[in-house]
Amino acid sequence: MRTSWADSVANADSSAVAVGASTSTTYANAADASAASAVAAPRPGRASYVPPHLRNRTASSEPPVPSPADGSSAAKLPPGPAALSGGNRWGGGPSRDMGRAGSVGGGQGTGGGWGSRSGGWDRREREVNPFANEDETTEAVFDGRDTTGINFDAYEDIPVETSGENVPPPVSTFSEIDLGDAVNENIRRCKYVKPTPVQRHAIPILLAGRDLMACAQTGSGKTAAFCFPIISWIMRGPPAERQRVSRTAYPSALILSPTRELSIQIHEETRKFSYQTGVRVVVAYGGAPINQQLRELERGVDILVATPGRLVDLLERARVSLQSIRYLALDEADRMLDMGFEPQIRRIVEQMDMPGRGQRQTMLFSATFPSEIQRLASDFLSNYIFLAVGRVGSSTDLIAQRVEFVLDSDKRSHLMDLLHAQEVNGAHGKQALTLVFVETKKGADSLEHWLCMNGFPATTIHGDRTQQERERALRAFKSGATPILVATDVAARGLDIPHVAHVINFDLPNDIDDYVHRIGRTGRAGKSGLATAFFNENNSSLARSLAELMQEANQEVPQWLSRYAVARSSYGGRNRRTGGARFGGRDFRRDSSSRSVGGGDYYGGSGYGGGAYGASSGYSGGYGNPGLSAWD
DNA sequence: AAAAAAT
């Protein structure tokens with residue numbers, strides 16, 4: 001029965017529990033120890049941990065390497081370059097490897113060794129410090145608002161729900177999930193004090209080798225939640241070997257996301273997490289020259305972050321092979337399907353050379369769980385754990401929602417009033433960051449032009465702009481240089497832009513879920529935000545769902561909007577409550593054929609009042625405003 | 001109907 005790679009890992013972990021627990025001093029109690037054993041067992045102990053770039057040194061002075069556990073884990077790898085014996089990490093040639101070993105060995109005297117400042121994996125090209133820009137840009141401009149970027153107090157009462165077989169218990173501190181000095185140092189640099197809810201739950205699950213289907217918003221620390229385990233697994237795994245003759249890259253992890261900017265964002269974050277670990281992260285997306293991406297790939301890649309189209313291109317050119325993939329993460333899966341990526345995703349996952357379900361570890365993140373997502377999950381995942389994490393705080397507290405009746409012809413002047421009104425509110429006399437959503441690309445351009453003509457520093461992001469323009473616009477906005485960003489739905493989901501004070505729906509979307517995603521660009525990571533919508537006759541199809549949503553979030557619903565809602569009561573906009581959009585979503589295995597062995601006892605007993613769980617109308621009790629789930 | 005994504 002237990003035949004999958006993930007299961008083998010799980011078995012290896014449980015057999016190693018005794019060792020892990022007896023040698024560990026980190027864990028305070030039995031529950032933590034069992035959680036920790038799943039986490040720490042595969043390696044014999046911190047002292048013997050060896051980072052990838054030192055793993056193949058043969059000099060006697062090197063730290064003890066391949067533990068028995070590492071060996072067994074290597075044995076379970078799917079066939080491919082990663083499983084080949086010997087070799088240096090990037091196969092850059094013997095002489096280069098010798099030089100590298102020598103230089104690192106020389107620095108070893110400090111005792112810092114691989115964790116030390118100089119610890120690049122290749123002395124010829126020093127790894128760019130991904131933390132370098134942080135202080136001058138964002139924090140300087142927004143100085144005084146916060147320093148951590150995350151309001152941890154807001155995390156305390158977030159509802160979390162898990163289901164599946166043998167769910168590893170959550171951890172409560174990063175020290176319980178010790179990921180090695182280098183990663184710990186990066187956690188410190190990121191100013192992460194303690195794990196967020198999604199991290200507390202997802203990291204042990206992923207470190208235990210389990211597949212995961214999860215519901216969580218980007219601002220909740222989701223990327224770190226799936227990256228830390230991936231980095232950790234890669235670091236303790238066998239070295240990757242690049243085949244010297246071919247120019248094909250063999251990443252061991254693949255992260256797919258729907259938009260270019262989201263891929264860029266994930267890449268930036270992941271680079272921080274893997275800084276000085278020797279784990280290479282490369283991003284590939286369209287709209288940018290492919291040559292530079294090819295060069296990056298040639299230099300070696302452990303974690304590839306990509307949009308589907310560019311990846312297919314790379315696969316067709318045979319510049320990337322998926323045969324070494326052991327970790328697959330699909331971010332914003334529902335969005336990718338909305339955008340018509342399903343054929344490409346299925347091609348990538350099922351029809352190329354990627355190891356099959358069970359031979360790899362797969363994590364799927366989605367805001368909603370329509371049947372297409374369910375099919376995808378049952379095709380891609382193996383005995384997975386379902387995890388749903390509530391919003392950081394509730395929208396009641398964090399996003400104040402206003403709806404104003406504004407005719408199309410009055411929208412511009414009304415917008416100007418809003419912008420004038422808040423000019424004084426920005427830090428240091430600067431305009432607070434304002435994100436203005438419009439319906440069309442043309443509309444975005446013309447509104448931006450109009451704003452600029454009227455003295456408002458605005459820029460725009462949409463699909464008709466070149467990738468360079470898109471990225472420049474986003475940077476200018478984030479830095480505060482251009483505090484007004486006019487955007488189409490390209491920016492609606494997933495993008496984590498800190499400090500957005502105000503989201504204005506200049507044009508309302510037709511779909512309430514899109515509205516929820518848009519306003520979710522503010523009030524992020526526990527901060528408060530304001531969302532203003534311009535409503536008129538053209539939006540009457542949204543009236544009812546909008547009114548309901550606002551009511552659920554304890555927002556004041558204008559009388560006129562209620563009247564629209566009643567008038568249009570037969571129709572609430574497409575997708576108005578897609579079953580899984582509320583908190584908790586649902587683990588659809590409950591009512592599907594795949595309700596599997598041993599799961600019975602679990603499904604009855606969710607700690608969160610299980611009964612409400614499958615009912616689409618249910619789940620009104622308990623958590624503030626569960627209906628307002630701005631899942632990203 | 002519009003948006004996004006490979007060239």
Side-chain angles (χ1 to χ4, degrees), chain A residues 218 254-267 282-294 297 304-320 322 330-349 351-352 366-368 372 408 435-448 460-471 473-474 485-495 505-518 521 536-542 571 573-575 632:
Chain A
T218 303
L254 175 64
I255 302 171
L256 287 175
S257 87
T259 66
R260 298 164 182 173
E261 280 76 15
L262 198 49
S263 284
I264 293 168
Q265 176 181 298
I266 294 169
H267 175 239
V282 174
V283 66
Y285 53 88
I290 200 168
N291 283 332
Q292 195 184 335
Q293 293 172 7
L294 289 174
L297 289 168
L304 177 60
V305 184
T307 49
R310 178 55 61 93
L311 178 60
V312 167
D313 189 7
L314 292 167
L315 291 167
E316 282 172 353
R317 296 173 188 231
R319 297 301 294 265
V320 169
L322 301 177
L330 301 168
D331 206 3
E332 306 278 342
D334 52 348
R335 183 68 168 170
M336 289 202 276
L337 297 196
D338 282 350
M339 288 166 64
F341 283 157
E342 180 162 5
Q344 289 173 78
I345 289 172
R346 286 193 177 272
R347 189 158 165 224
I348 290 165
V349 176
Q351 288 156 34
M352 307 302 291
S366 187
T368 57
E372 306 86 64
D408 282 342
L435 186 49
V436 183
F437 280 104
V438 297
E439 201 58 17
T440 67
K441 295 180 278 197
K442 268 187 170 170
D445 277 335
S446 86
L447 183 59
E448 179 223 6
T460 180
I461 183 168
H462 61 70
D464 272 357
R465 302 200 82 194
T466 68
Q467 191 55 32
Q468 203 179 16
E469 289 170 325
R470 283 165 59 163
E471 287 168 38
L474 202 53
L485 180 66
V486 182
T488 60
D489 267 332
V490 68
R493 298 195 188 205
L495 284 190
N505 273 289
F506 188 89
D507 299 320
L508 272 163
N510 295 314
D511 185 326
I512 191 67
D513 287 340
D514 290 334
Y515 172 82
V516 171
H517 280 289
R518 288 177 176 189
R521 294 317 96 197
N536 62 38
E537 306 267 346
N538 301 328
N539 311 113
S540 47
S541 68
L542 195 70
Y571 181 62
R574 187 185 73 82
N575 230 353
D632 286 336

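Per chain, numbering begins at 1; letters A, B, ... match sequence-line order. These numbers were taken from a predicted model, which means no experiment stands behind them.
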Over how many whole Å does the gap from [X] atom [atom1] to [N] atom [atom2] extend?
X	N	atom1	atom2	result
A/F437	B/dA3	CZ	P	14 Å
A/D338	B/dA5	CG	C1'	13 Å
A/D507	B/dA3	CG	C1'	13 Å
A/Q467	B/dT7	CD	C1'	14 Å
A/R470	B/dA4	CZ	P	6 Å
A/D514	B/dA2	CG	P	15 Å
A/F341	B/dA4	CZ	P	11 Å
A/K441	B/dA1	NZ	P	15 Å

Quiz item: Looking at the side chain of A/Y285, which of B/dA6, B/dA3, B/dA4 is the nearest nucleotide?
Solution: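 Nearest to the side chain of A/Y285 among the choices is B/dA6.
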Self-check item: Donor-acceptor contact below 3.5 Å, side chain A/R347 vs main chain A/M352
Solution: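 Pair absent, no side-chain N/O of A/R347 close to backbone of A/M352.
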Self-check item: Charged N-O contact under 4.0 Å between A/R518 and A/D489
Solution: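 Salt bridge between A/R518 and A/D489, a charged N being under 4.0 Å from a carboxylate O: yes.
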Quiz item: Can you name the closest pair of heavy atoms from A/N536 and A/D408 and give their distance?
Solution: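 Smallest heavy-atom distance, with atoms named: ND2-OD1, 2.8 Å.
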Answer with base, sugar-phosphate or nothing: what part of the nucleic acid does [X] contact at a heavy-atom distance below 4.0 Å?
X	value
A/Q344	nothing
A/G287	sugar-phosphate
A/D313	base

Just N and O in the side chain of [X]: are any of them under 4.0 Å from OP1 or OP2 of [N]?
X	N	result
A/T488	B/dA2	no
A/R260	B/dA5	yes
A/K442	B/dA2	no
A/R317	B/dA6	no

Quiz item: Could you walk me through whether A/V320 and A/L254 pass the side-chain contact (heavy atoms from CB on, under 4.5 Å) check?
Solution: CA-CA 11 Å; A/V320 169; A/L254 175 64; over 6 Å; no
Quiz item: Do A/Q265 and A/E261 have side-chain N/O donor and acceptor atoms under 3.5 Å apart?
Solution: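 Note: A/Q265 and A/E261 side chains miss the donor-acceptor criterion.
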